[in-house]
Amino acid sequence: MVPVDTTMSGNPAVVMRLVASAYAVAEKAGAIIRMVLHSGELGIVEKTGANDLQTLADRLVQQSICASLSKSFPKITIIGEEDLPEEAVKEDLIESGQSEEILQKSCPLEYSALKEEELVVWVDPLDGTKEYTEAAKCLYLSDQLTCYLISGLLDHVTVLIGIAYGGKAIAGVINQPFFNYQLGTETAEMGRTLWGMPGLGAFGFELQEVPDGRRIVTTTRSHSNKLVTDTVDAMEPHDVIRVGGAGNKIVQLVEGKASAYVFASLGTKKWDTCAPEAILHAVGGKLTDMHGSALRYDANVKHMNSAGVLATLRNHQYYASKVPQSVLQALKP
Ligand SMILES: Nc1ncnc2c1ncn2[C@@H]1O[C@H](COP(=O)(O)O)[C@@H](O)[C@H]1OP(=O)(O)O
Ligand SMILES: [Mg+2]
Ligand SMILES: [Mg+2]
Ligand SMILES: [Mg+2]
């Protein structure tokens, strides 16, 4: 048992208030992402190439998250994926609510005295942008039913808000804006928010595991290369799932759809892994580079995860031991 600070529950620690705000902000982000999709005007911009895109949703959501959090917590460091011009953020993008449920939780003792200025927030306003644009194309070109049947791509989209202290991921919030979209809005609420904190637990989903002994590897669908596929094969998987988004793949791990996320390439950055790592760690999982080394989330760290990503709920050592020597030589931290 990790000791908790019960004296703080009526007056939560800064980090709990930050997570409570991040939860509300992530829900608003999900609503913005749905709104832009339905507007039909995605405003797509190519950044470094056709597989590195930015949409109006990425821009609006980053503005919304960064402006909302820095308004409530002016001393935290916030690092977002998108490079945006400095400009005033519209009032209707600001979210000042907080999750009551999170405010009620007692802060793990080791984090209860953290100060605002010691916290770093890593923001991926929209993870799975490539899949978001493909799903949109499909929505506009075909009838809705065909689109839903062939896509499944909307599930790949998430909003990631990770909180780091001392270089470690200590809390994470993931919003999945299109969760339940197949059921339609009348029968079920669309979208959900998962969150977690090592030492406290993870919430917003039911933890499930892949049956013992089965190796199901989840990996990229839009950023693959020979090294990536060779490494997946080296794991001797019973099954391979190719989906978009780093957040989505961690959701697959904690819901028993996959046993390892294997990506032997550069491409993901600190905002892709911070929130997912915190949630995975909260349920006993592990996220490292291909060498099995921890990632760091200090404010001044290099953004690129140059040595790839290896994440598991259980048996991390097995997967780390199967990484080919050639990959270890090619991928330097
Ligand atoms: N080569 C790349 N260029 C840009 N972003 C990448 C690249 N590889 C991975 N990413 C980011 O990491 C996420 C997980 O990778 P993948 O989907 O290929 O498994 C992507 O959704 C994307 O985040 P984002 O969509 O936020 O730009
Ligand atoms: Mg991107
Ligand atoms: Mg991303
Ligand atoms: Mg993104």
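The residues of the chain are indexed from 1 along the displayed sequence. Just follow the structure's listing: the first ligand is 1, and inside any ligand the first atom is 1.
The atom name of the N/O/S atom in D124 closest to the Mg ion (ligand 4) is OD1. The atom of D272 nearest to the Mg ion (ligand 3) is OD1, with the search restricted to N, O or S atoms. Minimum-distance N/O/S atom of D127 relative to the Mg ion (ligand 3): OD1.
Residue E81: no N/O/S atom is found under 2.8 Å from the Mg ion (ligand 3). Taking backbone and side chain together, L160 holds no N, O or S atom under 2.8 Å from the Mg ion (ligand 4).
For K130, the NZ atom sits in a packed shell: over 12 heavy atoms of surrounding residues, nucleotides or ligands are nearer than 6.0 Å. Other residues, nucleotides and ligands place more than 12 heavy atoms under 6.0 Å from the CD atom of E117. For D83, the CG atom is loosely surrounded, since the number of other residues' heavy atoms within 6.0 Å does not exceed 12.
Checked for salt-bridge contact, E110 and K168 miss the test: no charged N lies under 4.0 Å from a carboxylate O.
K105 forms a cation-pi arrangement with F203, by the criterion of a distance under 6.0 Å to the ring centre and an angle within 45° of the ring axis.
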